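I have placed the structure first, in the form of structure tokens, so that the comments after it can refer back to it.
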There are 2 protein chains.
Amino acid sequence: MATTIKDIARRAGVSAATVSKVLNRKDAFIGEETRNRIWSLARELNYTPNSIARSLVTRRSNVIGIVVPDILNPYFTELVRACDDAARLRGYTTILCNSDGIAENEEAHLSFLAGHGVDGIVLSASDVVPNADLLRGLGIPFVSMDREIPMLDCLAATVDTDCRGGAFQSASYLIGKGHRRIAFLSGSAESSNTRLRLEGFREAHRRAGIAVDPELVRCGEFQHSFGHQATLALLAGTRFSAICCMSDMLALGATVALRESGLRVPDDCAVMGFDNIYLAPLLDRPLSTIDRRIFESGRIAIDALVDFLDGPERQRSAIVLETSVVERKTA
Amino acid sequence: MATTIKDIARRAGVSAATVSKVLNRKDAFIGEETRNRIWSLARELNYTPNSIARSLVTRRSNVIGIVVPDILNPYFTELVRACDDAARLRGYTTILCNSDGIAENEEAHLSFLAGHGVDGIVLSASDVVPNADLLRGLGIPFVSMDREIPMLDCLAATVDTDCRGGAFQSASYLIGKGHRRIAFLSGSAESSNTRLRLEGFREAHRRAGIAVDPELVRCGEFQHSFGHQATLALLAGTRFSAICCMSDMLALGATVALRESGLRVPDDCAVMGFDNIYLAPLLDRPLSTIDRRIFESGRIAIDALVDFLDGPERQRSAIVLETSVVERKTA
DNA sequence: TACTCATAAGTAAACGTTTACCTAAGCTGA
DNA sequence: TCAGCTTAGGTAAACGTTTACTTATGAGTA
């Protein structure tokens, strides 16, 4: 049986309210001696406040929910860690949910988080567009990262990476290196995310006066396996001297496929990634990629959310992060 | 303002208790019509139970806390995902804490989790030996993974990997391939974990009648950077034809160092990992390693914990997982 | 008729806090 | 002397549920 405020009150010969005031440092009108007695009892009895009871009355939990498609994907691992660190710094903790990119899962998680009284939610990229009615019904402030989102009262912020710009940089870099036939690998063709990136990719070609062969663009998912499989398919059907991948995992998959086919990276085929996950520089052949400041984006998202929660004015913010190319060994 | 049970009660013209009974399916003595009215109101008003209030009275939260050193480490990423999946299957959700291997952090997290009323905790490997008094004081059932732990009432289970056996397998495999001078890279020399692995490593040599050169064993941490640095140091001071690493990240670091030094893997030097993280087969040069059934271990830990929580008999279990060698391209 | 019994629902306390408001005592100053 | 302030602390309601216990109604039975 854990110690409660009442136990302390009884032992100290005061009321529970007094104990509460002292422990919460709202003790302007509490006597020196009483105050000390309470603190030392709290220590002695190893008192830990019951956050559940506290949340029930204050309607604040100091918990932020994070929903991502899959923590196993290194990009999300980093994002989650960044959010967790940032949240902790601001006095919040996080609770994580994996949606696997499935709409029903995501909705279930949202309800779960609401029921558990999280103060805010960060909703991270995936192709699923969350049910606006659900979000509105929850009424919990949230920040949206890298996804199309309906405008709602409880939308605290959007933080997006300039994916169009990132893809543009990647393709331009490759073109600058003399490549003329560049393959493009990305996630679902329907997502706005892929659409924007493809625009950036095309724009880079346009500026260089190069036509994009539709045969070279392959959309599917951001996973390793698709990178592997799509590269094999490309290799079988056409020729190209570089692959512009829209995630580092795609790039990893592509690299493996190239090696399996007896091609050397970057001599026979250059590979560019996207994300700059922390593994990228650690690989046997360090990956050239587009940095998207994962850690920073997590921190920014949390800061925006907490500012919204704590600040009375509740201003919405729209942040977009610029990317940059990181030259390593694969392109 | 979210819908509460009272809102439904008022609209349905019944008491809150009745609504609670219906919604919790303890409605043996509730009229058919009342029941229907309540359910349809719940749907219509989009009722989500307030878990906080519920937990306060039931003293059950259906939440399990997980504390790991660092989610960024792929081994823990997988473990956490495995635990989360397993927990969800059994009606629990998880809440994650990163301790960074720092004792104070871990203790703070433990208190936090207790205050938030988690039903159980899984405490995963790190060299920090948790404060027994703290654990006992919390009184929350926990399972300990891969760490030395004092025996306590609230210890629900221990799940350990047979690290001694794993190291033995790894070294034996390498010896079987003809290697005679094998370097050994592991984490902190003080941890029981490393001690056991070193024993296994030595045992394999003993059986083969090979002496272990102390110069070849290097302990530090399980991270990539140590693998890199230690390999460079080894290369500068002695010779060897294989490296037996006690984590896949160490192996990755070692591989990079070897390549930087112009050595080919496995021709000039073989490398064995340990863990079999999901990245291992996906690398440009798929990593040979020791599989430790990460996913399974997470599931087992959660199952043991939940069995302990749900079962009235509360039997403690001690599980040890066997390892196996996975032959790929680096050894 | 008067009892029991099943059915259907209500009452109220409890979980551990926080907080708005109240009280009581002592002191100050005119 | 007494209104009014300051200081120290108490009272009780509230947060949204759950649950043990109680009540009311009608039907069946002796």
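By convention in this document, chain letters (A, B, ...) are assigned in the order of the sequence lines, proteins followed by strands, and residues within each chain are numbered from 1. It should be emphasised that the depicted structure is a prediction, and the values quoted were computed from it without experimental measurement.
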**OP:** Choose from D:dG10, C:dG10, D:dT17 the nucleotide whose nearest atom is closest to any side-chain atom of B:T18.
**Re:** C:dG10

Atom [atom1] of [X] and atom [atom2] of [N]: how far apart are they, to the nearest Å?
X	N	atom1	atom2	result
B:N24	D:dG16	CG	P	17 Å
B:I30	C:dA6	CD1	P	17 Å
A:I52	D:dG16	CD1	C1'	13 Å
A:I38	D:dG10	CD1	C1'	12 Å
B:R59	D:dT19	CZ	P	12 Å
A:N50	D:dT17	CG	C1'	14 Å
B:K21	C:dA9	NZ	P	9 Å
A:R54	C:dT17	CZ	C1'	8 Å

Original post:
Of A:A2 and B:F29, whose closest DNA chain C nucleotide lies nearer the 5' terminus?
Top reply: B:F29

Looking for any heavy atom pair under 4.0 Å, which part of the strands does [X] touch: base, sugar-phosphate only, or nothing?
X	result
B:T58	sugar-phosphate
B:T34	sugar-phosphate
B:G13	sugar-phosphate
B:S15	base
B:V14	sugar-phosphate
B:K26	sugar-phosphate

Original post:
Is B:D85 salt-bridged to B:R90, cutoff N-O under 4.0 Å?
Top reply: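 Between B:R90 and B:D85 there is no salt bridge, as every charged N stays at least 4.0 Å from the carboxylate O atoms.
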
**OP:** List the steps, then state whether side chain to side chain contact (heavy atoms under 4.5 Å, CB included) holds for B:Y47 with B:I8.
**Re:** CA-CA 8 Å; B:Y47 172 73; B:I8 298 182; 3.8 Å; yes

Subject >> 4.5 Å side-chain heavy-atom contact, A:F112 and A:I95 >> reply: yes

**OP:** For residues A:P141 and A:L309, determine if any side-chain heavy atom of one lies less than 4.5 Å from a side-chain heavy atom of the other.
**Re:**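 The answer is yes, as the side chains (C-beta and beyond) meet within the 4.5 Å cut-off.
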
**OP:** Start with the C-alpha gap between A:L138 and A:L110, add the side-chain angles, then the distance that decides, and say whether side chain to side chain contact (heavy atoms under 4.5 Å, CB included) holds.
**Re:** CA-CA 8 Å; A:L138 260 30; A:L110 255 16; 3.9 Å; yes

